[in-house]
Amino acid sequence: STPLYSSAASDVYKRQLFLFGNKMNAQDCPLPTSIKTLQGNNISADILIDGSLFWDRSNAGFRYAAQPNPLTGTIFNAGIWMGGFDSDGNLKIAAVEYPNENRKEFAAGPILEDNGQMTFDCDNYDQLWEVYGYEIKQHISDFEDNGVINNPIQHIYAYPGHQNPFFESIHGFSLPNTTHGLAPFFDNNNDGIYNPTDGDYPLPESVHPNSIPAHVMWGIYNDAGVEHSNSYGEPLNVEIHQTVWAFNCTDNETLNNSVFTSHKIINKDSSPLDSMYVGFWTDMDVGCFTDDYFGSIPDLNTYYFYNEDPIDGTTGSICNYEIPTFGDNPPVQAVTILNQEMENFIYCLLYTSDAADE
């Protein structure tokens, strides 16, 4: 049997909420440029906040770190697709593939309100906030010692949790005060405010405090701050809170080769969205992409990709496009949706040209 070297699990939340307040006019934000690499276990995963995941804008970005060639990947790119109807029956769509300045669907930052107009704080939010598990554990031990934080940790004090009193002095701008919150955290005193001096610390919403991830990242983006030049659809006016994390769990092979993602989607339009669908477009490349097969397991909300034979490559272990391969015994790459049913799995063959990419 082929070993499962790497897997990505996606976690989607659908919310319908409404509007709030500050900066740039609608549809003039640049493409977000922030990229960081999640490295919590055997998987190295490039994380972005432009609606896509797992690529460095050139190469496959979801990689099994123990491979002889560290550039050999299993996912080239992935992206979030969503659509729904407004109250007048108009279809709204945001669907990203390979974002660039000429083909984008999302802008960094929250959707704010200025005199009834949507505005965007793109530049300040073109970043990913990260914290490591060992930092969280040090912070917890520091607080439990005497109820006082004696050694503040930068990543924890700079984290964009709701009403963080230290955020503005560290970053030079203030967080919006919204009822739907911002980056998820463990609220030690249950006051609804992220304050590290009270023993609060970053923690994904679905994770128990006894299971601290090895690496956590959070970013915020929206589909209203740019013209949709990939789908050419009308914006939904939604805000997305993206959390990504990984566990270092050497006694559990599946967890140690997995990355978890959560997308909290908030409707910031004055109109509700009807028949809303959210999907994940995934460009799987198990090493050499020319000899990959795929399948799905509907009962497990899972789809997967694998190599057609025991050797990865079109000629032996060589790929026609000089792409790094796994050679013998290539892995299977799976994606599992954890808290929603996978209603459809669709194979889509995309044709691109130089003209389309320009």
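Just so we're clear, the structure is a prediction, and the values are computed from it rather than from any experiment.
Results of the ring pair (Phe, Tyr, Trp, His ring centres under 6.0 Å) test with Tyr221 over Phe106, Tyr125, Phe120 single out Phe106 as the only residue that passes. The ring pair (Phe, Tyr, Trp, His ring centres under 6.0 Å) test with Phe345 singles out one residue from Tyr303, Trp281, Phe280, and that residue is Tyr303.
Environment of CD in Glu341: sparse, with no more than 12 heavy atoms of neighbouring residues, nucleotides or ligands closer than 6.0 Å.
Of the N and O atoms on the side chains of Ser52 and Trp55, at least one donor lies less than 3.5 Å from an acceptor on the other residue. A donor atom on one side chain and an acceptor atom on the other are not found under 3.5 Å apart for Asp198 and Asn188. Residues Tyr64 and Ser44 bring no donor and acceptor atom of their side chains to less than 3.5 Å of each other. A donor and an acceptor atom, one from each side chain of Asn320 and Thr314, are located under 3.5 Å apart.
In this structure, Phe186 is not a member of the same hydrophobic cluster as Ile193, with clusters built from ILVMFWY side-chain heavy atoms closer than 4.5 Å. In terms of hydrophobic clustering, with Ile, Leu, Val, Met, Phe, Trp and Tyr side chains grouped at heavy-atom distances under 4.5 Å, Ile93 and Ile240 are assigned to different clusters. A single hydrophobic cluster is not seen to contain both Leu203 and Tyr132; linkage of ILVMFWY side chains at heavy-atom distances under 4.5 Å, directly or through other members, places them apart.
Using a 4.0 Å cut-off between a side-chain N of Lys or Arg and a carboxylate O of Asp or Glu, Asp223 and Lys104 do not qualify as a salt bridge. One finds a salt bridge joining Asp86 and Lys92 here, because a Lys/Arg side-chain nitrogen approaches an Asp/Glu carboxylate oxygen to under 4.0 Å. A salt bridge is defined here as a Lys NZ or Arg NE, NH1 or NH2 lying under 4.0 Å from an Asp or Glu carboxylate O, and Glu130 with Lys36 meets this definition.
Put simply, the side chain of Val278 does not reach to within 4.5 Å of the side chain of Trp81, judged on heavy atoms. Contact check for Ser169 versus Tyr157: no side-chain heavy atoms found under the 4.5 Å cut-off.
Within the 3.5 Å criterion, the main-chain N or O of Gly192 finds a donor-acceptor partner in the side chain of Asp187. Not a single donor-acceptor pair under 3.5 Å links the side chain of Thr282 to the backbone N or O of Met284.
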